[in-house]
Amino acid sequence: MTRKLTGKVAFVTGATSGIGLACAQRFVEEGGAVVGLDIKNSDEWQLLEQSGDHVLLVVADVTDEAAQKHAAAMAVERYGRIDILVTAAGIAEAGPVHMVEQDAWDRVLNINVKGTYLSIKAVIPTMLEQCSGNIITIGSIEGLVGSEGGSAYNASKGAVVLLTKNVAMDYGRKGIRCNCICPGFIETPLFRDTIDLDFMQDYKQLIQADTKMGRFGKPEEVAGVAYFLASDDASYVTGQSLPVDGGYTAGHSHGLVKLMGLD
């Protein structure tokens, strides 16, 4: 079977868990080399490193511009190029505006928006020299539609969606594509830390019921979409925001399908 990322080099933030880890694992399976950036290591990443010398982790904060530039430079020094960027690092804070402390607001915007901007800024010079590159930002369906109590997170992911479009516009003629994956409710450590709280159980059932496929997603399912966007199969796709949400944003459900025998 052809491995479509053979010879490609990916720079992945938030690489040691959740969606970032799943993307790194898929890219390696498909023949790519991966330089990961995360604030910590993990057992799962260490297992990935054992697969060969085509995996490297830089432990750093995505809000640190010097660290991001250093990680990108290490990728070029070790592998000679950067073909793919995936900006999976992110955090969430809950609450309507009047309940969100300024420090919490700043933390979410710094990691989710500033971190994405700094990652793109770090790899763009190399991609411009190559006249090629593929940037995949990780947004959220909560950057496409509102959600109760999600003010800071929604604002940050909405910014990522618009930043993606601007990057696609600014660099498209230089051979650089940029798209945004907008996951729905995906079973990542970040999601489970919230959804498994006792007071969230009733809401968990409601959210799952309004997901048209009747279940939450897996990080590997987001990684599959990232793989498509990273491959040449998506060579004419840029500036897009693609929900990967099991149909959650397709429309409202009111139970009428039960009358049609489709429950």
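Computed over heavy atoms, backbone and side chain alike; hydrogens, waters and symmetry mates excluded.
Between Lys8 atom NZ and Arg3 atom CZ the span is 14.5 Å, to the nearest 0.5 Å. Of the inter-residue distances, the one linking Lys69 atom NZ with Asp64 atom CG reads 10.5 Å to the nearest 0.5 angstrom. Distance check, rounded to the nearest 0.5 Å: OG of Ser119 to CG of Leu37 gives 7.0 Å. With values rounded to the nearest 0.5 angstrom, Leu163 atom CG is found 7.0 Å from Cys178 atom SG. Distance check, rounded to the nearest 0.5 Å: OG1 of Thr13 to CD1 of Ile39 gives 12.0 Å. Taking NZ of Lys157 as the reference point, atom OG of Ser241 lies at 12.0 Å (rounded to 0.5 Å).
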For a quick test of your reading: what N or O donor-acceptor pairs under 3.5 Å do the side chains of residues 84-97 make, sequence neighbours left out?
unit_1	atom_1	unit_2	atom_2	d
Thr87	OG1	Ile138	N	3.3
Glu93	OE2	Arg107	NE	3.4
Glu93	OE2	Arg107	NH2	2.6

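Not a single side-chain contact (heavy atoms from CB on, under 4.5 Å) links Met169 to another residue, sequence neighbours left out. With sequence neighbours excluded, the residues satisfying ring pair (Phe, Tyr, Trp, His ring centres under 6.0 Å) with Tyr248 are Phe185. Annotation: side chain to side chain donor-acceptor pair (under 3.5 Å) contacts of Thr63 (sequence neighbours excluded): Asp61. Take Val225 and apply the side-chain contact (heavy atoms from CB on, under 4.5 Å) test, not counting sequence neighbours, and it matches Ile181, Leu229, Leu242, Val244.
Counting non-hydrogen atoms of other residues, nucleotides and ligands closer than 6.0 Å to CD of Gln201 gives a total above 12. No more than 12 heavy atoms of other residues, nucleotides or ligands shown are found within 6.0 angstrom of NE2 on His70.
A heavy-atom distance below 4.5 Å is found between the side chains of Val237 and Gln240. With a 4.5 Å cut-off on side-chain heavy atoms, Ile207 and Lys204 do not count as touching. Residues Pro183 and Ile141 form no side-chain contact, since every pair of their non-hydrogen atoms from C-beta on lies 4.5 Å or further apart. Within the 4.5 Å cutoff, the side chain of Asn41 has heavy atoms near those of the Gln46 side chain. Taking 4.5 Å as the limit, some side-chain heavy atom of Ile124 sits within range of a side-chain heavy atom of Ile135. In this structure the side chain of Gln130 reaches within 4.5 angstrom of the side chain of Arg81, judged on heavy atoms. Side-chain contact between Leu118 and Val62: absent, with no pair of heavy atoms (C-beta onward) separated by less than 4.5 Å. Using a 4.5 Å heavy-atom threshold, the side chains of Pro243 and Leu144 count as touching.
When every heavy atom of Ala60 is checked against every heavy atom of Ala67, the shortest pair comes out as CB-CB, 3.6 Å. Across every non-hydrogen atom of Ala152 and Leu109, the tightest pair is O-CD2, 3.9 Å. Closest approach of Phe11 to Ala72, counting heavy atoms only: CZ-N, 4.4 Å. Closest heavy-atom contact between Ile176 and Ser132: CG1-C, 4.1 Å. The two residues Trp45 and Ala15 come nearest to each other via the heavy atoms CE3-O, 3.2 Å.
Residue pairs meeting the side-chain hydrogen bond (donor to acceptor under 3.5 Å, both in side chains) criterion with at least one member in residues 162-189, sequence neighbours excluded, are Thr137-Thr164. Among residues at least two apart or in separate chains, salt bridge (charged side-chain N to carboxylate O under 4.0 Å, His left out) pairs with a member in residues 225-248 are Lys4-Asp233. Evaluation of the salt bridge (charged side-chain N to carboxylate O under 4.0 Å, His left out) test over residues 35-47, restricted to residues two or more places apart or in two chains, returns none. Sorted by first and then second residue, the pairs that involve residues 110-135 and meet salt bridge (charged side-chain N to carboxylate O under 4.0 Å, His left out), not counting sequence neighbours, are Glu65-Lys121. Applying the ring pair (Phe, Tyr, Trp, His ring centres under 6.0 Å) test to every pair with at least one member in residues 76-110, sequence neighbours left out, gives no pairs at all. Every pair passing salt bridge (charged side-chain N to carboxylate O under 4.0 Å, His left out) that includes a residue from residues 205-218 is listed here, sequence neighbours excluded: Asp210-Lys212, Arg215-Glu221. Among pairs with a residue in residues 207-229, those fulfilling ring pair (Phe, Tyr, Trp, His ring centres under 6.0 Å) read Phe191-Phe216, at least two apart in sequence or across chains.
Screening Asn110, Val108, Thr116 for a side chain to side chain contact (heavy atoms under 4.5 Å, CB included) with Asn112, the sole residue that qualifies is Val108.
The backbone N or O of Gly214 lies less than 3.5 Å from no partner atom in the side chain of Thr211, so there is not a single donor-acceptor pair. With hydrogens and angles ignored, the 3.5 Å screen pairs no side-chain donor or acceptor of Thr238 with any backbone N or O of Ala168. Side-chain atoms of Gln68 come within 3.5 Å of backbone N or O of Gly115 as a donor-acceptor pair. Side-chain atoms of Asn134 never come within 3.5 Å of backbone atoms of Asp83 as a donor-acceptor pair (strictly under, hydrogens ignored).
Under a hydrophobic clustering in which Ile, Leu, Val, Met, Phe, Trp and Tyr are joined whenever their side-chain heavy atoms come within less than 4.5 Å, directly or via other members, Val76 and Val35 fall into the same cluster. Leu21 and Val34 fall within the same hydrophobic cluster, where Ile, Leu, Val, Met, Phe, Trp and Tyr residues are linked whenever their side-chain heavy atoms come under 4.5 Å apart, directly or through other members. Clustering ILVMFWY residues whenever any of their side-chain heavy atoms sit less than 4.5 angstrom apart, transitively, puts Tyr117 in a cluster other than the one holding Val12. Residues Phe27 and Val9 do not share a hydrophobic cluster, defined by chaining ILVMFWY side chains whose heavy atoms lie under 4.5 Å apart. In the hydrophobic cluster analysis, where Ile, Leu, Val, Met, Phe, Trp and Tyr join through side-chain heavy atoms closer than 4.5 angstrom, Val160 is grouped apart from Val167.
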